[in-house]
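In what follows, a single structure is set out as structure tokens and then discussed.
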Number of protein chains: 2
Amino acid sequence: MVGIAKIDLIEGVVKGMAVLECFDTSRQRLNATLTAQRAGITRAAARRHLLTLAHLGYLESADGYYWLSSKVLRFSGSYLASARVPRAVQPVLDQLAAQTQEAFAAAVLDGDEAVIVSRSGNEGSGTPGSTRRLLAHGLHLGARLPAHATSSGRVLLAGLPRTELSAWLKERQFRRLTPQTVTSNSALRAILNEVRKQDYSLVYEEHETGVGALAVPVRDAQGNVVAALNVVVSPQRYGPEALLRTMFGPMCDAAAMLRSVL
Amino acid sequence: MVGIAKIDLIEGVVKGMAVLECFDTSRQRLNATLTAQRAGITRAAARRHLLTLAHLGYLESADGYYWLSSKVLRFSGSYLASARVPRAVQPVLDQLAAQTQEAFAAAVLDGDEAVIVSRSGNEGSGTPGSTRRLLAHGLHLGARLPAHATSSGRVLLAGLPRTELSAWLKERQFRRLTPQTVTSNSALRAILNEVRKQDYSLVYEEHETGVGALAVPVRDAQGNVVAALNVVVSPQRYGPEALLRTMFGPMCDAAAMLRSVL
DNA sequence: CGCACGATGTGCGGTAATCGCACAACGGGT
DNA sequence: ACCCGTTGTGCGATTACCGCACATCGTGCG
């Protein structure tokens, strides 16, 4: 049991998953040539992998084009059923949504992005097709939000150990998503300190114009931040102060309730 | 361009996905030995695949055990963002839930099972911890329901072309899930005919005791059944007749609305 | 206390699966 | 008609992977 720990990666799996990941939000239907380019493999290999995945049922295909099938939900289903955070969070979110008629979500950190692991509400009792619907656009389960420009992302970042956070901030470029986006490392660091102090994050129109959000951390029994709870609203209906005043209390209560079961 | 069409499957992908599928609802944490057994491969291979998947971020591991990470939500995220059915259905479900304070879901057929591709509501304004919460248990996104014993499943089956349905019914065993479960092929066939005629399916306690459900088909512009809309309630609060009386109308309206956008 | 059992991590050689190229066929646009 | 892009599909070479085997470790039991 000596020897240098050498990880042997299975190339087939690496390529297969790379092919699967080619189907992202921006490109939903791919042919063999495009897939090869995106995955950085030869067309022949891409085609064989696509065929394999289609054969297994994860992709559907017609006319040489491929797209994700509903079978990929298998994984999210298993994950949601097994992971403690989404299981515990879902009923709490539903209740918040029912109480307030707003759209809530819970997110965890995965690399540079906050991943929505649970969501609830939206649309409320408002007129169908009102602005509310637009807000929830892109907030589906599994959606990935840039951590630096979203309330949930900042809460999660602020919850990281200082050393990890420093490493994260170091040498990282932040994309400007709206005119308001904070892209400077030092400014973000200051904001995160503030977030850590006040234990919430309020972000208006830094991710998308016309969208404001408030997030609070969800901690486990040991005090580690394991998720973020957030609500997203239209700035026209809720200014930052009003949002904080009305939602901060209920959300903190929810987070506290979760702490006892995590 | 002659030659016999021969599909070459990439073994690595097949095994990799098999390993990933080992993590289902019932077994959420696996070690190398268990995985090998479940996936039908040698322990060494299983271990290498697990390591690869963990390295890619789809699994987390500690103490030789592995479990799904939030990264698998990437796929469902892409699917939900791309597929037309969930995108169109989600706001409609949210609205139904807001109007009625009940838990709705939409499902599509995948093999023997109905897969939940969208859900909304539950808990409502009721007391936290009331029976309502129990109902939504297992109705998370990506959950898989046995088609023969659930309202959504039957609606989807009834929507299949007759020949496909016959093939499906032929030579298939149906598991008894509760004392009420219909397990005979001929009885199910009769039920499906009924469902096709009345265009809804009402199923009480055939899947789980203490749960009743109503489902209606969602059709696209061509009239093909592409999904099922369902509501799940406690039999104590809603008998079949009451459920049908109060929910059938709104659900049909929702399905009709969807038809125009699919 | 020691032994047996079952688990894990990791070399290593043989084999077979996969790679990438090449070519044929096809379609659409100019 | 010609060219450019695509797709499907052999085929030989190679290398990546499989399965075995061994060393190690922890635990429970006699």
Side-chain angles (χ1 to χ4, degrees), chain A residues 1-24 26-69 75 82, chain B residues 1-24 26-69 72 82:
Chain A
M1 204 209 116
V2 191
I4 302 97
K6 195 176 30 174
I7 311 165
D8 42 355
L9 294 176
I10 306 285
E11 210 187 26
V13 175
V14 176
K15 288 195 190 169
M17 300 316 268
V19 166
L20 261 192
E21 290 222 2
C22 288
F23 298 86
D24 61 5
S26 61
R27 300 235 114 232
Q28 305 159 352
R29 304 185 72 226
L30 297 171
N31 58 11
T33 314
L34 265 173
T35 309
Q37 288 174 3
R38 299 199 129 216
I41 54 182
T42 60
R43 188 180 59 84
R47 184 176 166 275
R48 285 187 274 255
H49 283 267
L50 286 169
L51 280 170
T52 304
L53 288 167
H55 183 80
L56 294 175
Y58 299 104
L59 298 178
E60 294 182 68
S61 71
D63 302 330
Y65 275 78
Y66 297 82
W67 59 93
L68 291 175
S69 90
F75 303 131
S82 67
Chain B
M1 204 204 109
V2 193
I4 301 98
K6 195 175 28 173
I7 312 168
D8 41 355
L9 293 177
I10 306 287
E11 209 185 29
V13 175
V14 175
K15 288 196 187 167
M17 301 314 269
V19 167
L20 262 191
E21 291 223 1
C22 287
F23 298 86
D24 61 5
S26 60
R27 298 237 117 229
Q28 304 158 352
R29 305 187 71 226
L30 297 171
N31 57 11
T33 315
L34 265 174
T35 309
Q37 287 173 4
R38 300 199 127 214
I41 55 183
T42 61
R43 186 181 59 85
R47 183 176 166 276
R48 284 187 275 257
H49 283 269
L50 286 170
L51 280 170
T52 304
L53 288 167
H55 182 80
L56 295 175
Y58 300 105
L59 299 177
E60 294 183 68
S61 70
D63 303 328
Y65 275 79
Y66 297 82
W67 58 94
L68 293 176
S69 88
V72 298
S82 68

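Lettering follows sequence order; numbering is per chain, from 1. Atoms considered below: every heavy atom in the structure, side chains included; atoms not considered: hydrogens, waters and symmetry mates.
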Nucleotide [N], atom [atom2] - distance to [atom1] of [X] in whole Å:
X: B:L9; N: D:dT9; atom1: CG; atom2: C1'; value: 15 Å
X: A:L50; N: D:dT6; atom1: CG; atom2: C1'; value: 15 Å
X: A:I10; N: D:dA16; atom1: CD1; atom2: C1'; value: 8 Å
X: B:D63; N: C:dT8; atom1: CG; atom2: P; value: 12 Å

Worksheet item: Pairs in or reaching into residues 29-40 of chain A: which pass salt bridge (charged side-chain N to carboxylate O under 4.0 Å, His left out), with residues at least two apart or in two chains?
Response: A:D24-A:R38
Item to complete: Drop me the distance from A:L51's CG to B:I10's CD1, to the nearest 0.5 angstrom.
Response: 9.0 Å
Discussion item. Side chain of A:R47 only, heavy atoms from C-beta on: which candidate in C:dC19, D:dC18, D:dT9 is closest?
Written reply: D:dT9
Worksheet item: In terms of side-chain heavy atoms of B:R48, which of C:dG11, C:dA17, C:dC21 is nearest?
Response: C:dG11
Would one find a side-chain N or O of [X] under 4.0 angstrom from OP1 or OP2 of [N]?
X: A:N31; N: D:dT7; answer: yes
X: A:H49; N: C:dC19; answer: yes
X: A:K15; N: C:dT18; answer: no

Worksheet entry | Contact nearer the 5' end of DNA chain D, comparing B:A44 with A:G64 | A:G64
Worksheet entry | ring pair (Phe, Tyr, Trp, His ring centres under 6.0 Å) against A:Y66, all qualifying residues, sequence neighbours excluded | none
Fill in: Residue pair B:E60 / B:L68: nearest heavy atoms and the distance that separates them
OE2-O, 4.5 Å
Discussion item. side-chain contact (heavy atoms from CB on, under 4.5 Å) for B:L56 and A:E21? Distances and angles first, verdict last.
Written reply: CA-CA 11 Å; B:L56 295 175; A:E21 290 222 2; over 6 Å; no
Worksheet item: Which of residues 32-43 of chain B have a heavy atom under 4.0 Å from DNA chain C?
Response: B:A32, B:T33, B:R43
